[in-house]
K.L.:
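Provided herewith is a single structure, encoded as structure tokens, for subsequent inquiry.
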Amino acid sequence: RDRWETRRRGQSKQTANRSPPPPNCSRSAPDMEQGITKISVEENFLLLTEMATNQVQVLVEFTKNIPGFLSLDHEDQIALLKGSAVEAMFLRSAQVFSSKTPAGHTEVLEDRIRKSGISEEFIIPMFNFYKSIGGLHMNPEEQALLTAITILTPGEPAVREGPVVGGEAAGAMLDVLRKLCTLHHPHEPQYFARLLGRLTELRSLNHYHTEIISSWRVSDHKFTPLLCEIWDVQ
Ligand SMILES: CC(C)NC(=O)n1c(-c2ccccc2)cc2c1CN(S(=O)(=O)c1cccs1)CC2
């Protein structure tokens, strides 16, 4: 990827100070131009596939360390993971996006996400969410608790009947999160409520994700086996 970036940048530097071609030459070989643009969309899709696949692996490890999770019924463990994987990914994306990456990296990342084949109608709410999460300036403990609560509180009743599994664990985590918010944001009594408001916004992003995925499948983009499994994609 770095090699490709350098080549691409080198390419623009050469053309920048090259004298204009004599009139009978075409400005640029259209298929060549199209070629580079095409690769960048493919390259950006692959980057996202790689990042999302890596995040699912990290998410599984994180979930296994949630107190009590491994003592849940095996089917319920799988259902909770699959039911929250997309929300956890959006939360992780927002954290990565607003983390103090070296200046300019965020812009490059934003540019590559915008040029990965996702249609504009999903890009807007996606980046609004990233910015609204970034605006909360959560610390790592708050981020971890919010993610754990997202995992333990199933959206659709995918989990088997009976008491909401993970319900008491989620309740305990909400208590800890509330206390942490009071501790770290003493002058912002509304801070905890603002965090929970983000969880509601997160739920609405689920269906955007379904649309994003199906639009890529139309243009026969391949996902990794892990993504296909966690997203129930054939
Ligand atoms: C950090 C990881 C979890 N984030 C990530 O992978 N992103 C990010 C993202 C956002 C902010 C910073 C860094 C990356 C934007 C998008 C994705 C993945 N999806 S996807 O899952 O629909 C996908 C479609 C095709 C292959 S993977 C598309 C949108």
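Just so you know, these numbers use all the heavy atoms, side chains as well, and skip hydrogens, waters and symmetry mates. First listed ligand is number 1; within each ligand, the first listed atom is number 1.
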K.L.:
Measure up the Y130 and F90 rings against each other and bin them: parallel (under 30°), tilted (30 to 60°), perpendicular (over 60°).
P.N.:
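Rings of Y130 and F90: tilted, as their planes differ by 30° to 60°.
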K.L.:
Please identify which atoms of ligand 1 are closer than 4.0 Å to at least one heavy atom of L109.
P.N.:
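Near L109, the atoms of ligand 1 are 12 (C), 13 (C).
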K.L.:
Identify, for atom 18 (C) of ligand 1, the protein heavy atom at the shortest distance, and state residue, atom and that distance.
P.N.:
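The closest one turns out to be M89 SD, 3.9 Å.
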K.L.:
For atom 24 (C) of ligand 1, what's the nearest protein heavy-atom neighbour? Residue, atom name and distance, please.
P.N.:
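Looking only at protein heavy atoms, the one closest to atom 24 (C) of ligand 1 is W216 CZ3, 3.0 Å.
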K.L.:
Starting from atom 29 (C) of ligand 1, locate the nearest protein heavy atom and write down its residue, its atom name and how far away it is, to 0.1 Å.
P.N.:
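For atom 29 (C) of ligand 1, the nearest protein heavy atom comes out as I118 CD1, 3.6 Å.
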K.L.:
Whether D111 and R114 form a salt bridge (side-chain N of Lys/Arg under 4.0 Å from carboxylate O of Asp/Glu) is what I want to check.
P.N.:
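So R114 does not pair with D111 through a salt bridge.
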K.L.:
Among all the protein's non-hydrogen atoms, which is closest to atom 23 (C) of ligand 1, and how far away is it?
P.N.:
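Nearest protein contact, heavy atoms only, for atom 23 (C) of ligand 1 is W231 CH2, 3.9 Å.
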K.L.:
Looking at E229, I want to see if its CD is surrounded by more than 12 non-hydrogen atoms of other residues, nucleotides or ligands under 6.0 Å.
P.N.:
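At most 12 heavy atoms, drawn from other residues, nucleotides or ligands, come within 6.0 Å of this atom.
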K.L.:
With respect to H185, which candidate in R194, Q190, E142, H137 satisfies the side-chain hydrogen bond (donor to acceptor under 3.5 Å, both in side chains) definition?
P.N.:
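Going through R194, Q190, E142, H137 one by one, the side-chain hydrogen bond (donor to acceptor under 3.5 Å, both in side chains) with H185 is satisfied by E142 alone.
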K.L.:
Among protein heavy atoms, which sits nearest to atom 17 (C) of ligand 1, and what does the distance come to when rounded to 0.1 Å?
P.N.:
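Of every protein heavy atom, L48 CD2, 3.9 Å lies nearest to atom 17 (C) of ligand 1.
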K.L.:
Got a second to check how far I113's CD1 is from M51's CE, nearest 0.5 Å?
P.N.:
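Rounded to the nearest 0.5 Å, the CD1-CE separation comes to 7.0 Å.
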K.L.:
Between E110, H105, Q55, H209, which one has a non-hydrogen atom sitting closest to atom 20 (S) of ligand 1?
P.N.:
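Of the listed residues, H209 has the closest heavy atom.
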K.L.:
Classify the ring geometry between F223 and F45 as parallel (under 30°), tilted (30 to 60°) or perpendicular (over 60°).
P.N.:
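Plane angle between 30° and 60°, so tilted.
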K.L.:
Kindly say whether L72 contributes a backbone atom to a donor-acceptor pair with the side chain of Q77 at under 3.5 angstrom?
P.N.:
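Judged by distance alone, yes, a pair lies under 3.5 Å.
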K.L.:
Can you tell me the protein heavy atom closest to atom 26 (C) of ligand 1 and the distance?
P.N.:
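Nearest neighbour among protein heavy atoms for atom 26 (C) of ligand 1, to 0.1 Å: T49 OG1, 3.2 Å.
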K.L.:
Out of A85, S116, A88, S93, whose heavy atom sits nearest atom 2 (C) of ligand 1?
P.N.:
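Comparing heavy atoms across A85, S116, A88, S93, the nearest one to atom 2 (C) of ligand 1 lies in S93.
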K.L.:
Is K131 atom NZ crowded by more than 12 heavy atoms from other residues, nucleotides or ligands, each under 6.0 Å away?
P.N.:
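Yes - once you tally the heavy atoms of other residues, nucleotides and ligands closer than 6.0 Å, there are more than 12.
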K.L.:
I113 heavy atoms, cut-off 4.0 Å: which ligand 1 atoms fall inside?
P.N.:
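Those qualifying, in numeric order: 9 (C), 10 (C), 11 (C).
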K.L.:
Which atoms of ligand 1 sit under 4.0 Å from any heavy atom of A52?
P.N.:
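Result: 6 (O), 21 (O), 27 (S).
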K.L.:
Judged on heavy-atom distance to atom 15 (C) of ligand 1, which of F97, Y130, F90, F45 sits nearest?
P.N.:
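That would be Y130.
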